[in-house]
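Owing to the predicted nature of the structure, the values given are computational and were not obtained by experimental measurement.
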Amino acid sequence: MLKGVQELGSPQLGGGLVTYPNFFAMQPTQTPDSMDVKFLVGNSLEKRLGTQTMNTVVLESTAGWGVFDYGAGTGADGKPLRWLIVAAGTGVYASSNRGVTFVAIATDRGANYQQFDRAGPILLAVSETGNRVLYWAGSVGTSMIGMPVNSVPPAKHVVADFQGFTFLMNHSGGSRSIAYADANTVTTNAWNNTFSLPSSLDDEITGGLVLYKKLYAFTRYKLFRISYVGGNPDFGYTEVKAWGAVSATIKKATFPEVGEVIICLGYDKKVRIFDGAEDKVISDQIELNNNISPISMSQIHEDHIQKCYAEVDPLEQVYKLFLVIRPSTEVTHAMCLNLRTGAWYPYRYPQRFMSATMADSGNSRLLLAVAQTGYVHVMDSSNADVATAIPEYYTSPFYYPQNPRAVTKTHTADLYFAATSSGTLFYEDRTDWNSTFTNKDTVSFAGVNTTQIVQVQKTIDVSYTQNVYQFRVSDSASRANPWKLNRVDMLGTNLGYGKA
């Protein structure tokens, strides 16, 4: 190495997005701005994959009010029978081939959000608009059956099985009321057992989830633990936290060294994890607007926060949180959390995805999302979002020696890519807090013999004298196979202190 030449910043890349307005609070592994780039285990990052549609015949044009993977048991041929359930328009549709073709099983729903759950072998459907509760046994050629509203209260949320009981929450008897019945008799039970959670008059139950043999009920402002006590009443409750959660974001996820927890978005725009006793906010690093990144938690549209939803992809170990970002009033972005590293990174979709679920078929699992246009999409499955190329970019951290007052003579930026990378990348840079990037160079993977190398090294000449340096790479919406960046070495010589 040349005398006086030193490594600027860190060669590692796995820190994810950080939107602190104070750029000096960032770690050298983090980025202040990236889009459609996935941060991986092992300190690598790569362009995300796109989506492709499953169905050729469109569902109703206001699709995606709800989606659920329903294992109905065994079909007439003796093989496992699974249905993908999708709420679209005023109907509910079922697909036995994971979204390729559908049959209608209900036609009398309000065009609003629906929730599905399985009580034993029975599929239950509830609605934000107070439609009657429906059930379906999953038999081919049959439709969902409505429960009588004079005995089964229309509800917004359902927890299908806790201690052998099924719970209808936020029902017609009260927004904080819970009705419950034996899970084996949900279709014939009188549903006359109820209790209510104490809170302010404007509060309402937003969902429930079972964790470690306890049922947790969320409202807009609070979290309650519900326990089976037996006798009359059968259940007791305790307020455990003074924060609530957005309904469709409440999921279970597994973190290293923590185990299984509940993860959710609150109405205060913070993401929390909860292990049954303690909670922790895990979205601090993406909370504030740094005026560089087009997305942060503070930019969630609070008037439409109830449209946000999430799904956990256990294959990629990612909690994918779909968000309504101002000025839009519909979901446009997803903030992804790598459950193994804690790195956040954002995606932007041209489609208006309304709901998502993990769907099984045979020995495979896919993350499926339903677009408002009536199409079911396989996520992370192609090099484009159907017919739209993905305009990804990655922005480096700010490079400087120990102090940004130091004047640095930069020499080269050495980028190390996986040998599977393809296409052409465009390298841009800027210095000294300039707000504009300038085109600098291109990185082409054409002609790379991947049978003879395991890494592709590209060296960029960055002969500048400056205090601060930053670069950006993008393939400018190419449809080539995604590039993968494993390491960056930024070399420079310290020339002393002052203004460059």
Side-chain angles (χ1 to χ4, degrees), residues 9-18 27-52 286 293-295 313-321 333-350 366-367 377-386 388-397 413-428 441-446 448 450 453-458 460 471-490:
S10 169
Q12 306 301 324
L13 303 166
L17 177 68
V18 173
Q27 299 298 314
T29 62
Q30 297 168 337
T31 172
D33 181 25
S34 71
M35 186 61 66
D36 293 320
V37 172
K38 179 165 56 176
F39 286 75
L40 306 170
V41 173
N43 293 308
S44 298
L45 56 89
E46 67 180 359
K47 180 179 179 177
R48 75 164 172 89
L49 290 171
T51 72
Q52 55 185 335
I286 54 170
S293 172
I295 180 175
D313 185 338
L315 302 179
E316 291 199 357
Q317 283 292 291
V318 169
Y319 174 74
K320 188 170 286 189
L321 177 61
H333 292 73
M335 191 70 84
C336 305
L337 172 64
N338 187 317
L339 298 174
R340 289 175 285 185
T341 68
W344 289 96
Y345 49 93
Y347 291 168
R348 176 174 48 205
Y349 292 105
L366 296 175
L367 177 60
H377 292 246
V378 185
M379 310 300 283
D380 309 310
S381 59
S382 70
N383 292 341
D385 287 324
V386 189
T388 304
I390 302 168
E392 98 301 346
Y393 62 87
Y394 164 73
T395 305
S396 77
D414 291 291
L415 285 66
Y416 297 84
F417 294 90
T420 55
S421 302
S422 63
T424 299
L425 282 180
F426 296 87
Y427 185 101
E428 303 173 295
D441 208 343
T442 58
V443 176
S444 175
F445 299 102
V448 174
T450 58
I453 58 173
V454 295
Q455 290 284 299
V456 180
Q457 179 183 353
K458 297 293 182 179
I460 309 295
F471 73 86
R472 172 180 287 179
V473 291
S474 171
D475 68 8
S476 293
S478 164
R479 298 193 183 188
N481 290 330
W483 53 268
K484 180 178 180 180
L485 181 60
N486 293 325
R487 179 185 175 97
V488 174
D489 286 313
M490 186 66 60

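Atoms CG and CD1, from Leu321 and Ile286 in turn, are 7.5 Å apart once rounded to the nearest 0.5 Å. Rounding to the nearest 0.5 Å gives a distance of 9.5 Å between CG of Asn383 and CZ of Arg479. Summarising the geometry, atom CD belonging to Glu392 is positioned 11.0 Å from atom CD belonging to Glu46; distances are rounded to the nearest 0.5 Å. To the nearest 0.5 Å, the span separating CG on Asn486 from CZ on Phe417 amounts to 9.0 Å. Distance CG/Leu13 to CG/Leu45: 5.0 Å, rounded to 0.5 Å. Note that CZ of Phe426 and CG of Asp475 are 8.0 Å apart. Values are rounded to the nearest 0.5 Å.
Side-chain atoms of Leu17 and Pro346, non-hydrogen and from C-beta on, do get closer than 4.5 Å to each other. In this structure, the side chains of Thr420 and Asn481 stay at 4.5 Å or more apart for every pair of heavy atoms. Taking the side chain as every heavy atom from C-beta outward, Ile460 and Val443 approach each other to under 4.5 Å. Side-chain contact check for Val318 versus Leu367: every heavy-atom pair is 4.5 Å or farther apart. Within the 4.5 Å cutoff, the side chain of His377 has no heavy atoms near those of the Asp385 side chain. Contact annotation: the side chain of Lys458 never approaches that of Leu425 to less than 4.5 Å [non-hydrogen atoms, C-beta and beyond].
Between Arg340 and Glu316 the shortest heavy-atom distance is NH2-O, 3.5 Å. Residues Ser293 and Pro32 share a closest heavy-atom pair of CB-O, 3.5 Å. Annotation for Asp313 and Asp380: closest pair OD2-OD2, 4.4 Å, computed over non-hydrogen atoms. Considering every non-hydrogen atom in both Ala480 and Gly423, the closest pair reads CB-CA, 3.7 Å. Scanning all heavy atoms of the two residues, the minimum distance from Tyr416 to Leu485 falls at O-CD1, 3.4 Å. Scanning both residues, Tyr345 and Val37, for their nearest heavy atoms gives CD1-O, 3.4 Å.
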Evaluate Val18 against Gln27 for side-chain contact (heavy atoms from CB on, under 4.5 Å), listing each step before the verdict. CA-CA 9 Å; Val18 173; Gln27 299 298 314; over 6 Å; no
Going through the checks in order, is the side-chain contact (heavy atoms from CB on, under 4.5 Å) test met by Leu49 and Lys38? CA-CA 9 Å; Leu49 290 171; Lys38 179 165 56 176; 5.5 Å; no
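Judged by distance alone, the side chain of Thr341 and the main-chain N or O of Val41 form no donor-acceptor pair under 3.5 Å. Remark: side-chain polar atoms of Thr29 are not paired, donor with acceptor, to backbone N or O of Gly14 under 3.5 angstrom. Within the 3.5 Å criterion, the main-chain N or O of Asp33 finds a donor-acceptor partner in the side chain of Thr395. Remark: side-chain polar atoms of Ser34 are not paired, donor with acceptor, to backbone N or O of Tyr393 under 3.5 angstrom. Remark: the backbone N or O of Lys484 is paired with a side-chain donor or acceptor of Ser421 at under 3.5 angstrom.
Taking the six-membered ring for Trp and thresholds of 30 and 60 degrees, Tyr319 and Trp344 have ring planes more than 60 degrees apart, a perpendicular arrangement. Using cut-offs of 30° and 60° for the angle between ring planes, the Tyr347 and Tyr349 rings count as perpendicular.
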